[in-house]
Amino acid sequence: MAQVKIVTDSTAILTQEELDTLDVTIVPLTVMIDDIIYEDGVTISREGFMEKMATAKSLPKTSTPSIGVFTNVYEKLLAEGNEIISIHLTPGLSGTFHTAQQAAQMVHDEKIHPVNSTFIDRALGFAVVRAAKMAQAGASVAEILADIDQTIQHTELYITLSSLDNLTAGGRISRTTGFIGGLLNIKIGAHVVDGEIETEVKGRGQKTIKGYLERIIAQMHAEDGIQMIGLSHAGIPDEAAEFAERLKQEFPDAELAVQQTTPVVSTHTGVGAFGLSYLKQF
């Protein structure tokens with residue numbers, strides 16, 4: 001029986017231990033900073049990206065991997081006799097999943113199974129980690145795809161923004177709105193639902209974000225149990241470490257990963273953002 005190999009993209013947050021022990025192929029997105037193109041996680045680190053973004057003349061631009069990059073990865077894994085499950089970030093933020101689909105069609109092989117996770121960051125990582133562990137244990141494609149579906153259904157992802165500057169510069173909201181938001185010190189709390197970002201709270205000052213995070217913690221306690229928690233941040237490691245201690249106390253049985261988020265997320269959110277994701281028991 002063919003072995004199942006897991007492919008994902010560089011927007012998936014995985015811990016170093018997971019990278020070292022799980023057989024996952026990561027296809028990097030690219031980011032352009034002042035006309036210089038970098039491969040996410042290959043020629044630029046997440047921390048290095050934050051440093052360069054802070055001094056860049058204009059907002060960095062992110063791009064999906066090319067079809068050729070995907071076909072090369074797929075053809076290599078197929079030549080080794082494997083089946084492939086390729087799990088990617090929501091199409092609401094990138095065309096990467098659609099490119100993976102096109103590459104699978106070009107290769108003309110039914111052994112490639114592209115999956116839209118509807119998430120990004122550690123929320124995407126939940127599905128990748130579980131799939132990779134099942135693949136190593138010898139599970140079938142059907143078993144892994146069924147688990148991915150359940151994982152997606154039991155995953156929640158929330159985002160907090162401390163600034164509207166990057167969203168304004170990237171054209172996601174009007175410059176007038178961004179200017180007014182900056183003057184009023186507007187903070188945003190949002191929920192990712194079916195791959196789309198839905199704003200749930202807006203308010204002035206840091207109390208807005210603190211109140212929103214408290215509400216999420218209360219919601220997590222109302223669940224039947226939490227398997228995994230992901231806390232990602234955009235350039236605020238000290239604040240993330242402090243909040244992580246709170247999460248450890250509240251949910252001691254959950255597996256917690258705390259990391260700097262990816263360039264794709266940081267480009268849109270700017271410095272000071274949190275991404276809080278969790279996987280419910282099922």
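Just so you know, residue 1 is the first one in the sequence shown, and it goes up from there.
- Remark: the backbone N or O of H88 is paired with a side-chain donor or acceptor of S117 at under 3.5 angstrom.
- Distance check: T261 OG1 to I120 CD1 gives 6.5 Å after rounding to the nearest 0.5 Å.
- At most 12 heavy atoms of other shown residues, nucleotides or ligands fall within 6.0 angstrom of atom CG in D224.
- Under the rule for a side chain to side chain contact (heavy atoms under 4.5 Å, CB included), the partners of Q153 that lie at least two apart in sequence or sit in another chain are D149, Q150.
- Pairs passing the ring-ring contact (aromatic ring centres under 6.0 Å, His included) check and including a residue from residues 115-136, sequence neighbours excluded, do not occur.
- Under a 3.5 Å cut-off, the side chain of T25 and the backbone N or O of V7 do not form any donor-acceptor pair.
- Here the straight-line distance linking atom CG of L161 with atom OG1 of T199 works out to 8.0 Å at 0.5 Å rounding.
- Distance NZ/K210 to OG1/T160: 12.0 Å, rounded to 0.5 Å.
- Inter-residue side-chain proximity for K280 and I226 is flagged as met; some heavy-atom pair is nearer than 4.5 Å.
- Partner of Q259 under the side-chain hydrogen bond (donor to acceptor under 3.5 Å, both in side chains) criterion, chosen from R46, Q16, R122: R46.
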Ignoring hydrogens and angles, write down the donor-acceptor pairs under 3.5 Å from the side chains of residues 90-98, residues two or more places apart or on other chains.
from : atom 1 : to   : atom 2 : distance (Å)
T90  : OG1    : G92  : N      : 3.0
T90  : OG1    : G195 : O      : 2.9
S94  : OG     : T96  : N      : 3.1
S94  : OG     : T96  : OG1    : 2.7
H98  : ND1    : Q101 : OE1    : 3.3

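- Rounding to the nearest 0.5 Å places CG of L231 at 9.5 Å from CG of D121.
- With hydrogens and angles ignored, the 3.5 Å screen pairs no side-chain donor or acceptor of D40 with any backbone N or O of P263.
- Of all the heavy atoms in R130 and L279, the pair that sits closest is CD-CD2, 3.8 Å.
- More than 12 non-hydrogen atoms from other residues, nucleotides or ligands lie less than 6.0 angstrom from CG of D20.
- Ring geometry for Y158 against Y212 counts as perpendicular: the plane angle is over 60°, on a 0 to 90° scale with 30° as the lower cut.
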Donor-acceptor list for residues 233-243 side chains, cut-off 3.5 Å, not counting sequence neighbours:
from : atom 1 : to   : atom 2 : distance (Å)
H233 : ND1    : G235 : N      : 3.4
H233 : ND1    : I236 : N      : 3.0

May I have the list of side-chain donor-acceptor pairs in residues 47-59 shorter than 3.5 Å, sequence neighbours left out?
from : atom 1 : to  : atom 2 : distance (Å)
T55  : OG1    : K52 : O      : 3.4

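- Partner of Y278 under the side chain to side chain contact (heavy atoms under 4.5 Å, CB included) criterion, out of I216, L157, I217: I216 alone.
- Rounded to the nearest 0.5 angstrom, E75 CD and F70 CZ are separated by 13.5 Å.
- Separating the CG atom in L77 from the CG atom in D109 is a distance of 11.0 Å, to the nearest 0.5 Å.
- Proximity of a side-chain donor or acceptor of D9 to a complementary backbone N or O of T11 within less than 3.5 Å is detected.
- Taking K76 as the reference, E80 meet the side chain to side chain contact (heavy atoms under 4.5 Å, CB included) condition, with sequence neighbours excluded.
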